[in-house]
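Reading through the structure tokens given below for one structure.
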Amino acid sequence: MTAAQVDAFFQGYADAFSREDVDTICALWDYPAFMSYEGRQAVLDRDQFRQNTFGLCAFYRAQGLVRAEKRVLELARLAQTTASVRTEDRLYNAAGELIAEWEHVYLLSATAGGIKAVAALPDNELRAWRDRGTPLGG
């Protein structure tokens, strides 16, 4: 798993959110998907993750999202097929104005089907939406 491959993975991920392409977003994950946030954990199977992604895309749309960007800030190879990645996330509206930004942490795995996300730590995203007055899931 090279830095260029990880960057391409996250560019595709951000593009899929910009297009609300739930199928592509879900295809970039391996299952069960693990989330750890605010002292809680969730393990989602493929169907649960898909439903969550539909909801997330609807939330982003309601906030005015037309373009998502992700920039890799840190890549740490933990094993031959596993890496921890920290990204900077930015969401923009149709006027090109920044809606929200945060740093996100993922665990990626190099699988036979390509690089897949297997875990996410969305604490900073949850905090960013709360600080904006539009809590995610609220």
Side-chain angles (χ1 to χ4, degrees):
M1 187 177 330
T2 68
Q5 290 170 322
V6 169
D7 185 61
F9 173 87
F10 281 113
Q11 295 312 307
Y13 196 64
D15 288 346
F17 270 103
S18 297
R19 296 187 319 273
E20 294 187 50
D21 184 348
V22 171
D23 291 335
T24 296
I25 295 164
C26 291
L28 293 171
W29 278 80
D30 209 356
Y31 301 94
F34 178 78
M35 307 288 163
S36 180
Y37 55 96
E38 300 180 335
R40 294 177 279 175
Q41 295 77 39
V43 178
L44 306 174
D45 66 23
R46 189 176 307 273
D47 292 334
Q48 292 167 322
F49 187 89
R50 184 175 185 76
Q51 284 305 110
N52 186 69
T53 303
F54 272 117
L56 187 57
C57 285
F59 174 81
Y60 288 165
R61 182 182 339 106
Q63 305 312 310
L65 171 71
V66 296
R67 188 177 91 243
E69 291 181 353
K70 286 182 96 51
R71 182 170 64 97
V72 174
L73 299 174
E74 181 181 5
L75 166 62
R77 289 174 188 87
L78 304 175
Q80 186 174 1
T81 60
T82 308
S84 160
V85 180
R86 186 170 54 93
T87 64
E88 174 187 65
D89 294 47
R90 292 176 171 234
L91 304 183
Y92 297 91
N93 65 20
E97 299 164 331
L98 183 66
I99 298 169
E101 65 183 325
W102 60 85
E103 290 184 9
H104 210 114
V105 177
Y106 296 88
L107 189 62
L108 300 182
S109 181
T111 72
I115 295 174
K116 302 286 185 177
V118 295
L121 291 78
D123 294 78
N124 292 328
E125 179 178 8
L126 295 170
R127 187 176 311 107
W129 291 117
R130 269 196 311 273
D131 290 351
R132 185 176 183 266
T134 52
L136 184 57

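Sequence positions, counted from 1, serve as the residue numbers for this chain.
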Checklist entry - Would a hydrophobic clustering, with Ile, Leu, Val, Met, Phe, Trp and Tyr connected at side-chain separations under 4.5 Å, put Val66 with Ile99? => result no

Checklist entry - With side chains defined as the heavy atoms from C-beta onward, is the minimum distance between Ser84 and Leu78 less than 4.5 Å? => result yes

Checklist entry - Under 4.5 Å between side-chain heavy atoms, hopping through other hydrophobics if needed: is there a path connecting Leu126 to Leu44? => result yes

Item to check | Verdict with reasoning, Thr82 to Leu108, per side-chain contact (heavy atoms from CB on, under 4.5 Å) | outcome: CA-CA 6 Å; Thr82 308; Leu108 300 182; over 6 Å; no

Item to check | NZ/NE/NH1/NH2 to OD/OE distance under 4.0 Å, Arg61 and Glu20 | outcome: yes

Checklist entry - Donor-acceptor pair, Glu88 side chain versus Leu73 backbone, under 3.5 Å? => result no

Next on the checklist: Measuring from atom CZ of Arg90 to atom CD of Glu101, what distance do you get when rounded to the nearest 0.5 angstrom?
Outcome noted: 4.5 Å

Next on the checklist: Quick check: closest heavy atoms across Cys26 and Arg50, and the distance to 0.1 Å?
Outcome noted: SG-CA, 3.7 Å

Next on the checklist: Less than 4.5 Å apart, side chain to side chain, heavy atoms only: is that true for Phe34 and Gln41?
Outcome noted: yes

Item to check | Side chains of Gln51 and Phe54 in contact at under 4.5 Å (non-hydrogen atoms) | outcome: yes

Item to check | Gln5: side-chain hydrogen bond (donor to acceptor under 3.5 Å, both in side chains) partners, not counting sequence neighbours | outcome: Thr2

Next on the checklist: Taking side-chain hydrogen bond (donor to acceptor under 3.5 Å, both in side chains) as the cut-off, I'd like each qualifying pair that reaches into residues 108-125, sequence neighbours left out, listed once.
Outcome noted: Tyr60-Glu125, Asn124-Arg127, Glu125-Trp129

Next on the checklist: Any heavy-atom pair between the side chains of Trp102 and Leu91 that's under 4.5 Å?
Outcome noted: yes

Checklist entry - Between Glu38 and Arg130, is there a side-chain N and carboxylate O pair less than 4.0 Å apart? => result yes

Checklist entry - At what distance, to the nearest 0.5 angstrom, does CG of Leu98 lie from OH of Tyr92? => result 5.5 Å

Checklist entry - Under a 4.5 Å cut-off applied to non-hydrogen side-chain atoms, are Asn93 and Gln63 in contact? => result no

Checklist outcome for this item: Here the pair of heavy atoms bringing Gly12 nearest to Leu28 is C-CD1, 4.3 Å

Checklist entry - In terms of ring plane angle, is the pair Tyr13 and Phe9 parallel, tilted or perpendicular, where the classes change at 30° and 60°? => result parallel

Next on the checklist: If I compare all heavy atoms of Ile25 with all of Ala16, which pair ends up nearest, and what's the gap?
Outcome noted: CG1-CB, 3.6 Å

Checklist entry - So do Met35 and Arg40 actually touch side chain to side chain, heavy atoms under 4.5 Å? => result no

Next on the checklist: Under a 4.0 Å threshold between the charged nitrogen and the carboxylate oxygen, would Arg67 count as salt-bridged to Glu69?
Outcome noted: yes

Next on the checklist: Among residues at least two apart in sequence or on other chains, which ones pass side-chain contact (heavy atoms from CB on, under 4.5 Å) with Ala3?
Outcome noted: Leu75

Checklist entry - Under the 3.5 angstrom rule, does the side chain of Ser18 hit a backbone N or O of Ala14 as a donor-acceptor pair? => result yes

Checklist entry - Can you tell which of Val105, Val72, Leu107 makes a side chain to side chain contact (heavy atoms under 4.5 Å, CB included) with Val85? => result Val72

Item to check | Contact summary for Ser36 and Pro122, nearest pair of heavy atoms | outcome: O-CD, 3.4 Å

Next on the checklist: Under a 3.5 Å threshold, yes or no: a donor from one side chain and an acceptor from the other, between Trp29 and Tyr106?
Outcome noted: no

Checklist entry - Going through the checks in order, is the side-chain contact (heavy atoms from CB on, under 4.5 Å) test met by Met1 and Ile115? => result CA-CA 8 Å; Met1 187 177 330; Ile115 295 174; 3.7 Å; yes

Checklist entry - Got a donor-acceptor contact below 3.5 angstrom from the Arg46 side chain to the Asp30 backbone? => result no

